[in-house]
Every structure is written in C-alpha cells, then in structure tokens.
2 protein chains.
Amino acid sequence: MPGPRGPVWWHGRFRGCGYRITLGREAILHVLTRAEAHLSAEDIYLKVHPSCPSVGLTTIYRTLELLVDMGLVHKFDFGDGRARYELAEGPKKEGHHHHLVCTSCKRVINYTDFIDEELEFLKRAEEGLAKKYQFDITNHMIQFYGMCDNCRKKKA
Amino acid sequence: MPGPRGPVWWHGRFRGCGYRITLGREAILHVLTRAEAHLSAEDIYLKVHPSCPSVGLTTIYRTLELLVDMGLVHKFDFGDGRARYELAEGPKKEGHHHHLVCTSCKRVINYTDFIDEELEFLKRAEEGLAKKYQFDITNHMIQFYGMCDNCRKKKA
DNA sequence: CTGGTTAATGAAAATCATTTCCATTTATTG
DNA sequence: CAATAAATGGAAATGATTTTCATTAACCAG
C-alpha cells in the first residue's frame, strides 16, 4: 500500500545516510504518517506499542532525534513541558500549516490560512537573513498565542 | 533613575493585580531590563545573586511565570533544553525582533530586519485567525532555524 | 508607626521528560 | 551463514522545573 509519497519513500533517505531500516523505525514512521497532528514521544510510544511491544521509549526518542536531524520531522514546543513531533510536509503547500496555541488550556489548532502571503513574506525574509547573517536557513516556525473561545468563556 | 518607560513602570501593573512589590521581584525586573537578550532562569539567578544573595532559584522561576502570565515577559524555547526569557517590548517597533537559531551550536541571533512587512503580515493574519477561530490572540512567535557560518565551516 | 493578615519566599524534596550506559540483539554485507 | 557495527531495551542518571511546608515580610487598617 504505497503512501502519498510513493512506496516506503523514506527507505532511500535512510539508506543514503547509512542508517538501517528497522522494525521500530518502520513503526514510528508509520504512526507519524497517519497522525492527525503533533504527537509527543509518549503518544507515539503508546501508538507503536500494541503492534510492536518490543519498541521502548528510548528508541522512540532516539529515532525522533534522527528524523528531526534529517529534516523529516519537525519538533515543536507548545509550552506544556513536552516536545511534539510532526512529519515535515513537502516543500509545496500541501499540508503546510502553523499553530494557534491557547496559553490557558494548551490546546493547539492547526491553521492553513494566509499561507500564500506568508510564504511570500518568508521567502523574502529567509533570503535576506541568509545573506546578512551568513545563515543557511532550513526551517522556520510561526506560532500565535492567545486564549481560545472555551477558556475565554470560562474566565468570564 | 527612571527607565525608558517611566519611573518603575511596572509597579502600577503589579499593584493593580494585587501583587506585592518585593526585593526579589525588583532585582529580577532590573536584570531583565538591562539584559542584552534571552536569559535562562539560571542566568538570571546568577545575575541577581551578587546583590541579592537571599533570592533563590525557586523565586526566579515563580516570578518569571508571573511575569509571563502578565505578558511583561516572553518565554522562548531555542531547543537547548532550558527556557529563555526576555522583557516584552512595547507595542511599537522599538526593540521588536525575532530569532535566528543555529540548530547545531544553539547560538541565537536577534534580528530586526523585515519588521515592517512582517508587522503587516502579522496584523492581517492575527485579525483573520482571531475571527475564524474565535481566538483572542495576544502574542506571536517567529523563528528561523538553520546553520550558522561557524558551524557550516566546521562541517566542511 | 505597629500589629495582623496573607502573599511571597527559601531550602529541600519531588517530578518528569529526556539522555546516558551497557550488555544484547539484529540489519546489512561479503 | 558469519562477521561487524549499528540499533536497541531497560535501568539508572540527568537536569530543568515544580511542589511542599515552615518561615518571612509586604501591605493594610487602626
């Protein structure tokens, strides 16, 4: 069952880096691929466990670090004390989104609005910053913080 | 010696919330006010200690949480495992900046370029998001990640 | 100014996500 | 199939942050 990016799209990337393809890594990538959004390491562990009880939390952390370094996964901090992970999307717009974080209940909403103008702004900013600061920019993060509807009503 | 926002500008905010004005809080705000940028809790502790050895790390954490909740301070995560804090700037452009983070050495550069176009983009995005998701947006965060000049050279 | 009330505090202990250690397993290659 | 080194799991370590609780000190009223 080939995924949206072709059959086992990441095997090539792994082989190219000399990384081995293991059961645990397969399972973790599998979970990330179908994840709705931003899972914590433990979330992933729990989702992997039923089918692969032999995969430990340590491996989850190690694999996530690897994936983040490879750029296949993005790591986020929404302020609740644990990191969250999401599969990086392709370079085009499909799936590209950012986060709206409620500072009160920590709920996170993915939004995909304003992506066009955002992309334009980001493109120019990245080019300018890369040149000015001699930075090789590979990623960006945009988040908005505030209070969600629910929490606002509760306070009132 | 009145600061740039008037004499002890935050006393009013504190009193208004029923918070007490203590030596420790004075010292912490003092350090934050003159900080070049993004100090960790421990950084602040070390800077406060010489003049106020009685202020413990616990108070630093508690005060920072308070200040973040009040919106006087922003909390950042640059991926090195400890939170960083900066005094929030005024609503206008003075001091407004964002961060360029080297994913290799964790060095952080403040940049103030592109603020005008960014502000315009943010304004529109915030308005739209607030309406669409019923969020009361109070803050945003933009960061770019990449590899700094130094680290790139080392790898080569 | 002074005492009473209660927020604020420090020190030590607890938490908890993440990392490290190390002996064992296993993917890969010849 | 055997050799090799990467990958792994489980336990222990780490380290930032939080909690607990007895003590201190801001602030208000008188």
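Letters go in sequence order (proteins before strands), and every chain restarts at 1.
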Enquirer: Rounded off to whole Å, could you give me the CG-to-C1' distance for the B:D77 and C:dA17 pair?
Expert: 13 Å
Enquirer: From CD1 of A:I21 over to C1' of C:dT26, roughly how many Å is that when rounded to an integer?
Expert: 14 Å
Enquirer: Does the gap between the ring centers of A:H98 and A:H140 come in under 6.0 Å?
Expert: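 Centroid distance A:H98-A:H140: below 6.0 Å, so yes.
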Enquirer: Separation of A:L66 atom CG from C:dT19 atom P, in whole Å?
Expert: 13 Å
Enquirer: Could you pull out all residues at least two apart from A:H99 that satisfy ring-ring contact (aromatic ring centres under 6.0 Å, His included)?
Expert: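 Partners of A:H99 by the ring-ring contact (aromatic ring centres under 6.0 Å, His included) criterion, ordered by chain and then number, come out as A:H38, A:F76, A:F78, A:H97.
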Enquirer: Once you round it to whole Å, what is the distance between C1' of D:dA7 and CG of A:L67?
Expert: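 Spelled out: CG on A:L67 to C1' on D:dA7 is 14 Å.
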Enquirer: Please determine whether a side-chain nitrogen or oxygen atom of A:Y61 lies at a distance below 4.0 Å from atom OP1 or OP2 of C:dT19.
Expert: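 For C:dT19, OP1/OP2 do not have a side-chain N/O of A:Y61 under 4.0 Å.
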Enquirer: Just verifying a value: how many Å separate A:L32 CG and A:E86 CD, rounded to the nearest 0.5 Å?
Expert: 9.5 Å
Enquirer: Has the side chain of B:R13 got a donor or acceptor atom that lies under 3.5 Å from a matching backbone atom of B:M70?
Expert: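 Side chain of B:R13 to backbone of B:M70, a donor-acceptor pair under 3.5 Å: yes, one is there.
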Enquirer: Quick one, A:H74 and A:M141 - any side-chain contact, counting heavy atoms below 4.5 Å?
Expert: no
Enquirer: Which residues, if any, of residues 23-30 of chain B bring a heavy atom under 4.0 Å of DNA chain C?
Expert: B:R25
Enquirer: Ignoring hydrogens and angles, answer whether the base of C:dT6 and the side-chain atoms of B:R20 contain a donor-acceptor pair closer than 3.5 Å.
Expert: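 When only heavy-atom distances are counted, B:R20 does reach the base of C:dT6 through a donor-acceptor pair under 3.5 Å.
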Enquirer: When you match B:I60 and A:A41 each to their closest nucleotide on DNA chain C, which lands nearer the 5' end?
Expert: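 Nearest-nucleotide comparison on DNA chain C picks B:I60.
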Enquirer: Just say parallel, tilted or perpendicular for the rings of B:F14 and B:Y19, cut-offs at 30° and 60°.
Expert: perpendicular
Enquirer: To the nearest Å, how far apart are B:R84 CZ and D:dA16 P?
Expert: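 So the CZ-P distance, B:R84 to D:dA16, works out to 10 Å.
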Enquirer: Can you tell me how far C1' of C:dT19 sits from NZ of A:K75, to the nearest Å?
Expert: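 Answer to the nearest Å: 11 Å.
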Enquirer: Scan B:T58 against the nucleic acid and name what it touches under 4.0 Å (heavy atoms): base, sugar-phosphate only, or nothing.
Expert: base
